[in-house]
**Q** 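Input: one structure, supplied below.
Every number for a ligand or one of its atoms is a count from 1 in the order of the listing. This chain uses plain numbering: 1 for the first residue, then up along the sequence.
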Amino acid sequence: MAPPPSSLFLLITLVSSYTWSCGGAATPASPSPTASPAPPASAARSSTLDPRQLIALQSMGFPTAKDPCGLPSPHDNATACDDAAPFRHLVSLRLANCSPDLDLPTTALRALSTLRSLSFLRCPLPAPKRLPGPLAGSLRSFSCDASLRRLTGVWLSRLQNLTDLSVVGVPVTASGPAIVISRMRHLRSVTISVTNLTGVVPHHWHALDLVHLNLSSNLLKGPIPSSISVLGSLQTLDLSSNALAGTLPDSIGDLADLKNASFAHNSISGPVPDSMSQLSALIHLDLSSNQFNGSIPKFLSEMKQLKFLNLENNNFQGVFPFNASFVRKLEVFKVGGNSDLCYNHSRLSSKLKLGIARCDKYGQPVPPPPDRSTRADSDYSDDGSDDESGDGGSGGGSHHGPSKLVLGVAIGLSCFVFLIIFLVCLSKVCG
Ligand SMILES: *[C@@H]1O[C@H](CO)[C@@H](O)[C@H](O)[C@H]1NC(C)=O
Ligand SMILES: *[C@@H]1O[C@H](CO)[C@@H](O)[C@H](O)[C@H]1NC(C)=O
Ligand SMILES: *[C@@H]1O[C@H](CO)[C@@H](O)[C@H](O)[C@H]1NC(C)=O
Ligand SMILES: *[C@@H]1O[C@H](CO)[C@@H](O)[C@H](O)[C@H]1NC(C)=O
Ligand SMILES: *[C@@H]1O[C@H](CO)[C@@H](O)[C@H](O)[C@H]1NC(C)=O
Ligand SMILES: *[C@@H]1O[C@H](CO)[C@@H](O)[C@H](O)[C@H]1NC(C)=O
Ligand SMILES: *[C@@H]1O[C@H](CO)[C@@H](O)[C@H](O)[C@H]1NC(C)=O
Ligand SMILES: *[C@@H]1O[C@H](CO)[C@@H](O)[C@H](O)[C@H]1NC(C)=O
């Protein structure tokens with residue numbers, strides 16, 4: 001089975017590199033490096049790319065007019081080559097903004113098995129049926145962003161030596177993330193996001209050095225398994241915008257390096273586990289739009305690195321536990337949309353605009369007045385007293401500003417009209 005295709009492949013390679021040497025007669029390219037010791041600089045540099053790889057690039061519609069080893073553009077097509085002699089080889093290739101009818105011939109892909117990094121950005125061409133084995137095994141990094149139309153878990157799972165996998169904005173058909181990643185033991189960073197991926201968060205982990213895990217914006221269901229704690233190096237965990245349910249496992253507190261955690265937009269319920277107090281490296285915590293309940297844990301305010309905290313749209317209860325200096329220290333803080341939560345107005349000013357109700361003396365939320373606009377003054381004077389207890393400012397005052405202005409203008413205008421009428425009458429009387 002194996003020998004005929006590979007000998008055919010060799011033949012094609014020989015023929016095509018021969019064709020290339022003839023076709024490229026204008027450039028002094030030669031398979032033998034000793035034959036042309038000092039060719040002109042530009043030609044020399046481009047001609048040092050392995051001719052098979054140059055043909056492969058050309059057959060994929062990749063621009064090769066300039067030195068194909070020197071395309072460092074950050075947003076477009078890009079390459080990187082090694083320094084091997086006599087021919088350099090591609091180690092990194094990015095195809096960007098390709099036309100949808102571009103073809104990726106298997107022969108071309110075979111010739112690219114020196115690649116360690118391959119990425120597609122906005123290249124909506126059909127995915128090749130399978131990547132040739134040598135290329136699949138050689139890749140350390142694979143990225144597919146709004147490209148290749150549709151991928152399967154099995155297709156991706158063949159890229160066993162990956163350390164970095166990123167698939168964003170491409171539908172991925174698989175029974176779950178486990179199919180994709182369970183054979184990739186060297187993974188350090190995984191993003192499979194906006195792929196409509198179904199299934200559950202994996203229970204068994206094989207890539208124990210994982211640092212970034214991003215499975216956001218998919219259709220994942222079920223609970224977050226407590227076995228996630230085996231990923232002891234995890235710094236980023238983004239499971240937002242799925243359909244995850246159940247409670248957060250206590251073992252989450254074992255992820256000691258966690259810096260960025262988002263569980264937002266799921267159906268996770270129950271309390272925030274006490275074990276989270278051990279996550280002292282947290283910078284970014286997003287629990288928004290779930291069904292977390294119980295009280296907001298005070299320990300969050302002892303997290304020294306924390307800059308972003310979003311607790312909005314949950315079922316948190318009781319008295320808001322943080323003081324104003326903690327809230328102001330955060331770059332982003334949100335807690336609105338928790339109807340059973342309230343703040344103690346003798347300790348916090350309404351100017352913090354937390355978006356939650358005040359507590360009554362029993363620590364229950366005071367229901368908002370039926371209609372603020374019709375019962376103006378008594379309500380505002382309450383808020384006003386709050387403001388005085390704070391450190392002064394414009395919160396309540398600015399609310400009165402616009403209406404006073406409107407009133408002033410109205411009075412001024414009517415005086416003016418009155419004056420005109422008066423003058424007209426006066427002139428008639430005089431005339
Ligand atoms: C980038 O490469 C793709 C695929 O080879 C090609 O279709 C596209 O025209 C190239 N873009 C530029 C700006 O050269
Ligand atoms: C992964 O890389 C190793 C050596 O770096 C190689 O021996 C192995 O064949 C590769 N795996 C695959 C699936 O190609
Ligand atoms: C996911 O499915 C929805 C609804 O079927 C569809 O609108 C959306 O385009 C899909 N997303 C991707 C990345 O295919
Ligand atoms: C996860 O991936 C999405 C891409 O869809 C990105 O927007 C988001 O910022 C990533 N999350 C983290 C924590 O980097
Ligand atoms: C955390 O992830 C969010 C996206 O979910 C991103 O916007 C933010 O910059 C990340 N913060 C850090 C500190 O990595
Ligand atoms: C939180 O919700 C769970 C159900 O999701 C319920 O069993 C539990 O009693 C609630 N806890 C509090 C403090 O309300
Ligand atoms: C506010 O809370 C933090 C953390 O709980 C605490 O360290 C700090 O001393 C408090 N500040 C004031 C002014 O009470
Ligand atoms: C609000 O704070 C004051 C002063 O710290 C305290 O005496 C009172 O009991 C608190 N009220 C509630 C409902 O927690």
Side-chain angles (χ1 to χ4, degrees), residues 91 109-110 112-118 120-124 126-127 130-142 144-174 180-199 206-207 211-221 234-243 255 257-266 279-289 303-310 312 330-334:
V91 292
L109 293 172
R110 275 181 195 282
L112 296 179
S113 60
T114 56
L115 284 178
R116 303 208 134 218
S117 167
L118 176 60
F120 297 95
L121 178 61
R122 293 181 299 271
C123 274
R130 64 211 298 263
L131 288 184
L135 174 57
S138 129
L139 288 179
R140 299 296 184 270
S141 168
F142 178 77
C144 179
D145 189 334
S147 301
L148 302 185
R149 296 190 199 174
R150 172 170 293 278
L151 292 171
T152 67
V154 173
W155 194 97
L156 288 164
S157 71
R158 297 182 66 241
L159 312 179
Q160 279 181 42
N161 279 334
L162 289 186
T163 60
D164 290 77
L165 169 65
S166 173
V167 181
V168 177
V170 193
V172 173
T173 314
V180 182
I181 63 173
S182 65
R183 288 160 75 198
M184 302 174 181
R185 290 172 183 267
H186 311 293
L187 278 174
R188 297 179 60 80
S189 175
V190 176
T191 297
I192 305 176
S193 179
V194 199
T195 65
N196 282 348
L197 182 62
T198 55
H206 305 280
V211 178
H212 303 288
L213 177 61
N214 185 344
L215 300 174
S216 62
S217 304
N218 286 304
L219 304 172
L220 301 181
K221 289 198 277 241
L234 213 55
Q235 291 179 16
T236 307
L237 176 59
D238 190 345
L239 299 176
S240 60
S241 302
N242 279 286
L255 299 176
D257 292 342
L258 205 57
K259 293 193 168 88
N260 200 339
S262 178
F263 305 101
H265 296 276
N266 281 289
L279 301 180
S280 55
L282 267 188
I283 299 171
H284 184 113
L285 178 63
D286 195 342
L287 304 178
S288 63
S289 301
M303 293 182 167
K304 297 274 182 301
Q305 314 296 324
L306 204 61
K307 294 205 165 64
F308 179 109
L309 180 59
N310 192 343
E312 73 185 357
L330 295 173
E331 285 165 17
V332 176
F333 176 70
K334 293 180 184 171

**Q** Compare every heavy atom of Thr198 with every heavy atom of Ala174, then report the nearest pair and how far apart it is.
**A**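 Heavy atoms of Ala174 and Thr198 come nearest at O-OG1, 3.3 Å.
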**Q** Going by heavy atoms, is Lys259 under 4.0 Å from ligand 5?
**A** no
**Q** Taking heavy atoms and a distance under 4.0 Å, where does Asp238 meet ligand 5: side chain, backbone, both or neither?
**A**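 The part of Asp238 near ligand 5 is the side chain, not the backbone.
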**Q** Just do the side chain to side chain contact (heavy atoms under 4.5 Å, CB included) check on Phe263 and Leu237 with the steps written out, would you?
**A** CA-CA 8 Å; Phe263 305 101; Leu237 176 59; 3.9 Å; yes
**Q** Short N/O distance, under 3.5 Å, between Arg158 and ligand 2?
**A**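 In fact, backbone or side chain, Arg158 has no N or O that close.
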**Q** Has the side chain of Thr163 got a donor or acceptor atom that lies under 3.5 Å from a matching backbone atom of Arg188?
**A** no
**Q** Residues two or more places apart in sequence or in another chain: which of them pass side chain to side chain contact (heavy atoms under 4.5 Å, CB included) with Ile283?
**A**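 Here the qualifying residues are Lys259, Gln305, Lys307.
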**Q** Side-chain donor-acceptor pair under 3.5 Å between His212 and Ser189, yes or no?
**A**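 No - no donor-acceptor pair under 3.5 Å links their side chains.
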**Q** Pairs under 3.5 Å, N/O atoms on ligand 3 and on the protein: can you put them in a table with the distances?
**A**
from	atom 1	to	atom 2	distance (Å)
ligand 3	2 (O)	Asn196	ND2	2.3
ligand 3	11 (N)	Asn196	ND2	3.1

**Q** For residues Ser193 and Ser216, is any side-chain donor paired with an opposing acceptor at under 3.5 Å?
**A** yes
**Q** Between the side chains of Asn218 and Thr195, is a donor N or O closer than 3.5 angstrom to an acceptor N or O?
**A** yes
**Q** Has ligand 5 got any nitrogen or oxygen that is less than 3.5 angstrom from a nitrogen or oxygen of Asn260?
**A**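 Checking ligand 5 against Asn260, an N or O pair does fall under 3.5 Å apart.
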**Q** Would you say Arg140 contacts ligand 2, with heavy atoms under 4.0 Å as the rule?
**A**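 Judged by the 4.0 Å heavy-atom criterion, Arg140 does count as contacting ligand 2.
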**Q** Please assess Cys144 against Leu151 for the test side chain to side chain contact (heavy atoms under 4.5 Å, CB included), listing each intermediate value before the final yes or no.
**A** CA-CA 10 Å; Cys144 179; Leu151 292 171; 4.0 Å; yes
